[in-house]
Amino acid sequence: MSIDAATDLQKRLAARVVRTDEFGTVRRVTGVDVAYSTVDDRVTCAAVTLDADTLTVTEIATATGVADFPYIPGLFSFRELPIVLEAFDRLSVRPDLVVCDGQGVAHPRRFGLASHLGVVRDIPTIGCAKTCLTGDFVMPADERGAYAPLIDADEIVGSALRTQPRVKPVFVSTGHRIALATAREWTLRLTPRFRLPETTRAADHAVRVAMKALTG
DNA sequence: GCGACAG
DNA sequence: ATCTTGTCGC
């Protein structure tokens, strides 16, 4: 896939993103994360499902492959989505919500990894990134739950959300089938103790374990 | 042209 | 993303 073709595809698929709540009771929430090998060109993804009430792990699925698309800011999903889909599709139970380690519509063409995954699998997704890709924001107050709008081209595309006091905010945005305010609520619900959502932490941990099993 | 730039 | 030990704190 060429840069131009990927960009064109994003523009077309971005029109399918739904930014309002379109889901019922959330019983299971899945986190996905990808890790890169240092010894070869393989990438591994872990999709870890948690019980939404207890935040305990109920299922782990992993997949390993080769990343053929380069890392280009703005075209990130073309690099990670293939392996993410492989791991996600191995889950025996379809989750009600997915949290991605990356942006949703807080993206130059409003189509980050979370939106891409949400649209191609038609599932509610949240983008929760550790750093900002595009847009401007003022630093939210230093208290859990404080947030500031992330604005790009005069449009609110996400929120800089403080999940814990004295830590940097995370960048939350609609992935697919969820409103921004609801995405913030779920992010807070998933961060009772740490900066990042338990889903992301569980996926990060699982992918490291899987990666180490391949390497040593 | 210059600076910015998810993981 | 990854290269990377110890160390501070609950």
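Labels below follow one simple rule: chain letters A, B, ... track the order of the sequence lines, proteins then strands, and each chain is numbered from 1.
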Under 4.0 Å: is that the gap between some side-chain N or O of K130(A) and OP1 or OP2 of dA6(B)? no

From the set dA1(C), dC3(C), dC5(B), return the single nucleotide nearest to any side-chain atom of Y36(A). dA1(C)

Whole-Å distance between dA6(B) P and Q10(A) CD? 14 Å

For R79(A) and dA6(B), what is the distance between atoms CZ and P respectively, to the nearest whole Å? 13 Å

Would you kindly give the CZ-to-C1' distance between R42(A) and dT2(C), to the nearest whole Å? 16 Å

Would you mind reading off the distance between L81(A) atom CG and dA1(C) atom P, rounded to a whole angstrom? 18 Å

Sugar-phosphate, base or nothing in reach of L75(A), heavy atoms under 4.0 Å: base

Can you tell whether the side chains of D68(A) and R79(A) come within less than 4.0 Å, N to carboxylate O? no

Examine dG7(B): is either OP1 or OP2 under 4.0 Å from a nitrogen or oxygen in the side chain of T131(A)? Give yes or no. yes

Using the six-membered base ring of dA1(C), report whether Y71(A) stacks on it, requiring centroids under 5.5 Å and planes under 30° apart. no

Same apolar cluster: L97(A) and V119(A), side chain cutoff 4.5 Å: no

Separation of atom CZ in R166(A) from atom C1' in dG9(C), rounded to whole Å: 12 Å

Nearest of dG7(B), dA6(B), dT2(C) to any side-chain atom of E80(A)? dG7(B)

Would you confirm whether the ring centroid of F78(A) sits within less than 6.0 angstrom of the ring centroid of H116(A)? yes

Do D122(A) and R16(A) meet the salt-bridge criterion of a basic N to acidic O distance under 4.0 Å? no

Output the rounded distance in Å from CZ (R208(A)) to C1' (dT4(C)). 12 Å

Side chains of T182(A) and D21(A): donor-acceptor distance under 3.5 Å anywhere? yes

Which part of the nucleic acid, if any, lies within reach of C132(A) when heavy atoms closer than 4.0 Å are counted: base, sugar-phosphate only, or nothing? sugar-phosphate

Inspect the contact between E59(A) and R28(A) and indicate whether a charged nitrogen and a carboxylate oxygen are less than 4.0 angstrom apart. no

Cationic tip of R201(A) within the cone over F194(A)'s six-membered ring, i.e. under 6.0 Å and within 45° of the normal? yes

For the pair made of CD1 in I83(A) and P in dA1(C), what is the distance, rounded to whole Å? 17 Å

If you assign A35(A) and R193(A) each to the DNA chain C nucleotide with the nearest heavy atom, which residue ends up on the more 5' nucleotide? A35(A)

Have a look at A106(A) and say if it touches a base, only the backbone sugar-phosphate, or nothing, with a 4.0 Å heavy-atom cut-off. nothing

Reading 5' to 3' and counting Watson-Crick or G-U wobble pairs with both distances under 3.5 Å, write the dot-bracket notation for DNA chain B, | for bases paired outside the strand. .......

For G74(A), which contact category applies under a 4.0 Å heavy-atom criterion: base, sugar-phosphate, or nothing? base

Length of the CE-C1' vector between M211(A) and dA1(C), whole Å: 9 Å

Strictly by modelled atom types, are T30(A) and T49(A) linked by a side-chain donor-acceptor pair under 3.5 Å? yes

